[in-house]
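Here is the structure we will look at.
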Amino acid sequence: MVPALERPRDPAFGDWATNLAMMLAKPLGRKPRDLAQQLIDAMDLARAGVRAAEIAGPGFINFRVATDTLAQGLLALVRAGRGYGRDASAAGQPVNVEFVSANPTGPLHVGHGRQAALGDAISSLLEATGWKVTREFYYNDAGAQIMNLAASVQARVAQRRGRDVEIPEGGYHGEYIREIAQRYVDEHPGDPEGANLDAVRQFAVRELRKEQDRDLQAFGVKFDVYFLESSLYAEGKVDETIRRLVAAGHTYEKDGALWLKTTDFGDDKDRVMRRSAEKGGEPTYFVPDVAYHVTKWERGFRRAINVQGSDHHSTVTRVRIGLQALDIGIPEGYPEYVLHQMVTVMKGGEEVKISKRAGSYVTVRDLIDEVGRDAVRYFFLMRKGDSQLQFDVDLARSQSEENPVYYIQMAHARMCGIFRVGEIDAATVTGEGVEFSVLERPEEQELIKALLDYPALVAGAAQALEPHRVATYLHDTAGKIHLWYHTAHVLNEPAPLMHARLALARAAQIVLHNGLTLLGISAPERM
RNA sequence: GCGCGCGUAGCUCAGCUGGAUAGAGCGUCGGCCUCCGGAGCCGAAGGUCACAGGUUCGAAUCCUGUCGCGCGCGCCA
């Protein structure tokens with residue numbers, strides 16, 4: 001129960017409104033409207049830049065802001081330019097954002113695309129609020145899946161020699177496996193049979209990593225750190241983690257395996273950490289996961305955010321419990337998780353079933369090739385992460401003219417067009433000395449308010465780790481811009497009006513540019 | 001069966017952490033091109049916010065239950 005000061009939905013209710021009187025009415029035993037009047041009487045409205053305060057409905061107080069308050073805001077906006085909507089409140093604290101983290105066992109699919117868009121936008125949002133972000137990609141390049149990959153490639157090599165060899169149980173059947181097998185043979189004349197499994201494995205991982213890197217580059221996502229799971233083994237971090245967990249006293253042996261008492265930390269059953277001898281005696285997957293997150297902590301990241309598909313949500317509690325059980329002062333909520341729901345791909349009016357092992361799925365690359373990078377980014381970001389996302393490829397392609405991302409980009413291009421046609425360098429439009437009170441049309445007032453809301457919106461989206469708020473805001477604001485553009489002419493108006501509108505066009509251009517950039521989408525000057 | 005998420009217009013989805021008459025895009029219907037780009041704008045139709053209770057001045061939003069959908073639940077990762 002916190003009193004709110006907010007933008008009313010309906011402009012008839014003023015520029016700002018508060019429910020303070022209604023919140024206080026009950027504890028004070030007073031009527032809300034009487035209390036509201038007393039509150040208004042006690043306020044120094046002029047000093048706050050408020051022109052009028054009215055009591056409305058059950059006890060709202062609606063404020064109307066003096067026009068020069070809006071003018072001050074616009075001036076500050078234009079002066080801030082590219083920096084508008086950014087603040088330094090996090091003071092350069094380090095934060096690690098891990099996303100995509102695809103196994104090098106195949107190309108990136110649509111789910112990875114959603115993660116790439118989300119993780120990159122979340123990182124940008126955090127940077128906009130003063131965090132020092134490290135974008136990190138974790139490669140699971142060790143373990144059973146990689147052995148399956150190597151064996152699958154090996155089988156394809158053998159098949160090329162006319163041998164009757166099947167892809168092993170749990171192996172990969174995609175067409176790309178054949179291609180890798182072909183390239184392996186081409187580049188390894190000394191091993192036409194693919195007999196050297198270790199060489200096949202290394203070659204396949206390297207090829208797939210290269211391909212994933214190309215996909216990420218096409219999508220415009222850059223990582224600061226690529227962390228290899230295999231390095232954890234090479235540096236003894238996995239064994240060390242096991243030793244530390246044993247030393248911390250949360251383990252026991254049963255049936256020849258080593259167990260972690262995760263039930264001590266609220267799990268519904270204990271988990272095996274190291275398999276019994278007859279199962280190979282290897283650590284289970286979550287031990288390297290824990291070891292990996294220890295390195296994040298030890299690398300100085302007191303905040304870590306993982307962007308993952310919700311199909312991995314069971315790892316959340318286990319990784320956190322493993323870190324707790326080490327008893328080294330890592331807080332309970334470490335790391336934070338942003339889980340997104342599944343992406344359904346629609347093509348030809350039917351759902352494309354995604355199965356990596358059967359080799360049937362849509363890749364990030366397919367989407368980029370078909371609808372363009374900007375549209376793919378926007379489509380992945382326009383919905384809240386915990387909603388399932390339906391990505392209709394045909395629709396995204398065929399309706400590209402009415403695509404929301406083009407709508408936003410068009411608004412930006414229109415603002416640029418005003419300056420281009422007027423032969424005015426937009427950067428010289430500062431708003432200094434402009435009489436903003438001539439901007440009295442309702443569409444102009446609404447647009448100004450929307451533009452001035454932008455910094456608070458960015459701060460809120462960053463705090464909630466929800467980039468979709470920026471996407472919907474931009475679409476909404478683009479609508480206000482188109483409406484204004486359509487009703488209010490800028491060039492060849494009387495000088496005071498033209499200068500005020502030029503400043504407003506400049507402000508709109510800045511907000512759209514900054515917002516699109518935050519989402520990793522281009523802001524073209526003409527389309 | 002248990003856990004997490006979701007259920008809002010014909011379809012795809014927003015709804016700013018409890019506010020005033022629930023919004024947008026697409027689709028449908030009807031208007032607007034001497035005008036900085038019509039890739040645009042305006043208007044109309046379309047809703048039991050899955051359902052039933054509860055909390056309070058006030059619920060799409062919070063709590064409980066029911067139904068439906070998705071994803072998890074291995075000495076796989």
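Just the heavy atoms: all of them, side chains too, but no hydrogens, waters or symmetry mates, feed the values below.
Nucleotide B:G74 is matched to nothing when pairs are restricted to Watson-Crick or G-U wobble geometry with both distances under 3.5 angstrom. Of the nucleotides present, B:C63 is the one that pairs with B:G53 by Watson-Crick or G-U wobble criteria, both distances under 3.5 Å. Pairing of B:G23, defined by two Watson-Crick or G-U wobble distances under 3.5 Å, is identified with B:C13.
One interatomic measurement links the two molecules: CZ of A:R414 to C1' of B:A39, which rounds to 8 Å at whole-angstrom precision.
For the OP1/OP2 pair of B:C71 and a distance below 4.0 Å, the side-chain nitrogens and oxygens of A:H340 include no atom meeting the criterion. A close approach under 4.0 Å does not occur between any side-chain nitrogen or oxygen of A:Y172 and OP1 or OP2 of B:A77. A close approach under 4.0 Å does occur between a side-chain nitrogen or oxygen of A:R275 and OP1 or OP2 of B:A77. Dashed line: the shortest gap from a side-chain N or O of A:K384 to OP1 or OP2 of B:G15 is under 4.0 Å. A close approach under 4.0 Å does occur between a side-chain nitrogen or oxygen of A:S387 and OP1 or OP2 of B:A14.
Judged purely by distance below 3.5 Å, without hydrogens or angles, the side chains of A:D87 and A:T129 never pair a donor atom with an acceptor atom.
Using a cut-off of 4.0 Å between Lys/Arg side-chain N and Asp/Glu carboxylate O, A:R501 and A:E444 are scored as salt-bridged.
In this structure, A:Y226 and A:Y139 have parallel ring planes: the angle between them is below the 30° cut-off, well short of the 60° mark.
Anti is the classification of B:U48, since its glycosidic angle lies more than 90° from 0.
Taking the ring centroids of A:Y473 and A:Y454, they lie under the 6.0 Å cut-off.
Aromatic stacking is not marked for A:H489 over B:C35, as the cut-offs of 5.5 Å for the centres and 30° for the planes do not both hold.
Contact annotation: side chain of A:D311 to base of B:G72, donor-acceptor pair absent below 3.5 Å.
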